[in-house]
Number of protein chains: 2
Amino acid sequence: MNSQTDFTQRTVEYEILLARFKELLKKNTYKYTIQREVILETLYKSDEHLTPEALHQLIKEKFPELKTGIATIYRTLSLLEDSDMVTSLSFGSQGKKYELGAKEHHDHMICTKCGTITEFVDEAIEERQHRIAEEFGFEMQDHSMQIYGICKNCKKLRFIYD
Amino acid sequence: MNSQTDFTQRTVEYEILLARFKELLKKNTYKYTIQREVILETLYKSDEHLTPEALHQLIKEKFPELKTGIATIYRTLSLLEDSDMVTSLSFGSQGKKYELGAKEHHDHMICTKCGTITEFVDEAIEERQHRIAEEFGFEMQDHSMQIYGICKNCKKLRFIYD
DNA sequence: TTAAATTTTGATTATCTCTATCATTAAGTC
DNA sequence: GACTTAATGATAGAGATAATCAAAATTTAA
């Protein structure tokens with residue numbers, strides 16, 4: 001690999017994440033590659049939920065010398081998702097959007113006008129979800145909740161454009 | 001149209017739904033067609049969440065004389081979804097499943113082994129969702145919640161096959 | 001009731017997302 | 001450093017959904 005590759009703005013939090021990733025790879029006899037790290041890093045730096053396509057674009061811009069193929073993006077995202085390091089949100093025919101799942105669990109509020117995703121956590125809901133799964137004899141692996149609507153900002157704009 | 005078409009088992013509830021649909025069509029200067037009605041009716045009679053493909057199969061079996069094309073299924077489902085008469089659940093690359101949205105609102109518990117969808121309603125969660133949207137100045141249009149995991153039945157089978 | 005205007009349909013092609021394949025390249029191991 | 005194994009990029013393939021378009025059906029208006 002090119003040791004000149006620019007990994008700026010590394011935080012302690014990221015270093016811990018990376019260590020966890022390397023450990024995960026080792027445990028499964030997967031190999032550490034620069035492509036995998038760059039994907040993790042790009043997800044980490046992005047505050048947004050990224051589609052595989054968007055992630056690919058970002059990486060091509062930032063690390064053009066790697067010539068990372070879209071297949072590697074998909075493969076790595078699957079790997080990360082299987083290992084619970086990232087989670088995805090489905091948008092039907094619009095595909096999936098991914099985010100690093102190392103953070104605290106949260107739900108999503110999605111604006112149907114501008115597509116912006118706002119995150120939130122609500123303990124009461126989390127708690128009810130567990131209770132409901134239990135009631136049904138269901139072994140919960142994951143859950144997701146989305147609230148669809150029009151965000152504060154678009155509500156303002158509506159008066160101008162509609 | 002063929003007035004011989006067999007519309008058995010019509011309930012009052014369905015008649016109301018159909019009237020609502022016809023009204024919707026008229027309001028938007030869409031035309032009433034037998035294909036559109038058959039799609040609505042098939043969704044109504046099905047207790048399951050249907051993929052466009054499954055819906056197409058059902059309709060081909062029940063109304064072979066119509067020779068309904070898959071494109072019409074997609075078009076009509078979009079129309080119904082845009083008008084909030086049906087809602088869809090996304091399964092990433094596995095496409096969408098549709099259900100009539102005229103019933104009481106409910107959430108979903110999805111088995112990641114067998115794909116079965118169990119519906120449930122929880123007032124506490126419904127209430128919290130409204131409150132959260134309000135807090136963010138968000139105008140809620142819809143919401144969906146999914147709990148993913150392994151259902152009671154598959155949990156039993158796991159001991160045998162895994 | 002019929003003719004004109006307009007929309008919908010079915011068949012087909014195109015597109016988009018994602019997965020599989022495979023020869024080449026790169027990591028990990030000794 | 002050589003060997004073993006896995007990962008990569010390019011590309012083809014699969015599956016779901018959307019676009020196109022001529023033919024057919026519905027609605028409108030006379």
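In what follows, chains carry the letters A, B, and so on, assigned in the order in which the sequence lines appear, proteins first and then strands, with residues in each chain numbered from 1.
Mapping A:Y30 and B:E53 onto DNA chain D by nearest heavy atom places A:Y30 closer to the 5' end of the strand. Mapping A:A71 and B:G69 onto DNA chain C by nearest heavy atom places B:G69 at the nucleotide closer to the 5' end. Heavy-atom nearest nucleotides on DNA chain C were determined for A:K31 and for B:I73, and the one closer to the 5' end corresponds to B:I73.
Inter-residue side-chain proximity for A:T72 and A:T33 is flagged as unmet; no heavy-atom pair is nearer than 4.5 Å.
What separates NZ of B:K22 from C1' of D:dT26 is a distance of 13 Å, to the nearest Å. Between the CG atom of A:L25 and the C1' atom of C:dG28 there is a distance of 12 Å, rounded to whole Å. To the nearest angstrom, P of D:dA6 lies 20 Å from OH of A:Y32. Rounded to a whole Å, the NE2 atom of B:H56 is 17 Å from the P atom of D:dG15. Distance A:I70 CD1 to C:dA20 C1': 15 Å, rounded to the nearest Å. One interatomic measurement links the two molecules: CG of A:L79 to C1' of C:dT19, which rounds to 15 Å at whole-angstrom precision. Atom CG of A:N28 is separated from atom C1' of C:dA27 by 16 Å (rounded to the nearest Å). When rounded to the nearest whole Å, the span between CZ of B:R75 and C1' of D:dA16 equals 15 Å.
Remark: A:Y74 is not in phosphate contact with C:dT19, judged by side-chain N or O atoms under 4.0 Å from OP1 or OP2. When the side-chain nitrogen and oxygen atoms of B:T33 are compared with OP1 and OP2 of D:dT26, none of them lie within a distance under 4.0 Å. Taking only side-chain nitrogens and oxygens, A:Q35 comes nearer than 4.0 Å to OP1 or OP2 of D:dG9.
A donor-acceptor pair under 3.5 Å is absent between the side-chain atoms of B:H56 and the main chain of B:T51, judged by distance alone. In this structure a side-chain-to-backbone donor-acceptor pair under 3.5 Å is present from A:R36 to A:K31.
Nearest nucleotide to the side chain of B:S78, out of C:dG10, C:dT19, D:dA18: D:dA18.
Exactly one residue among A:L100, A:L18, A:I39 makes a side chain to side chain contact (heavy atoms under 4.5 Å, CB included) with A:Y44. That residue is A:L100.
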CA sep, side-chain torsions, deciding dist, call: B:E41, B:Y14, side chain to side chain donor-acceptor pair (under 3.5 Å): CA-CA 8 Å; B:E41 195 207 348; B:Y14 176 69; 4.9 Å; no

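The residue B:R36 sits close only to the backbone: its heavy atoms come under 4.0 Å of sugar-phosphate atoms, none of a base.
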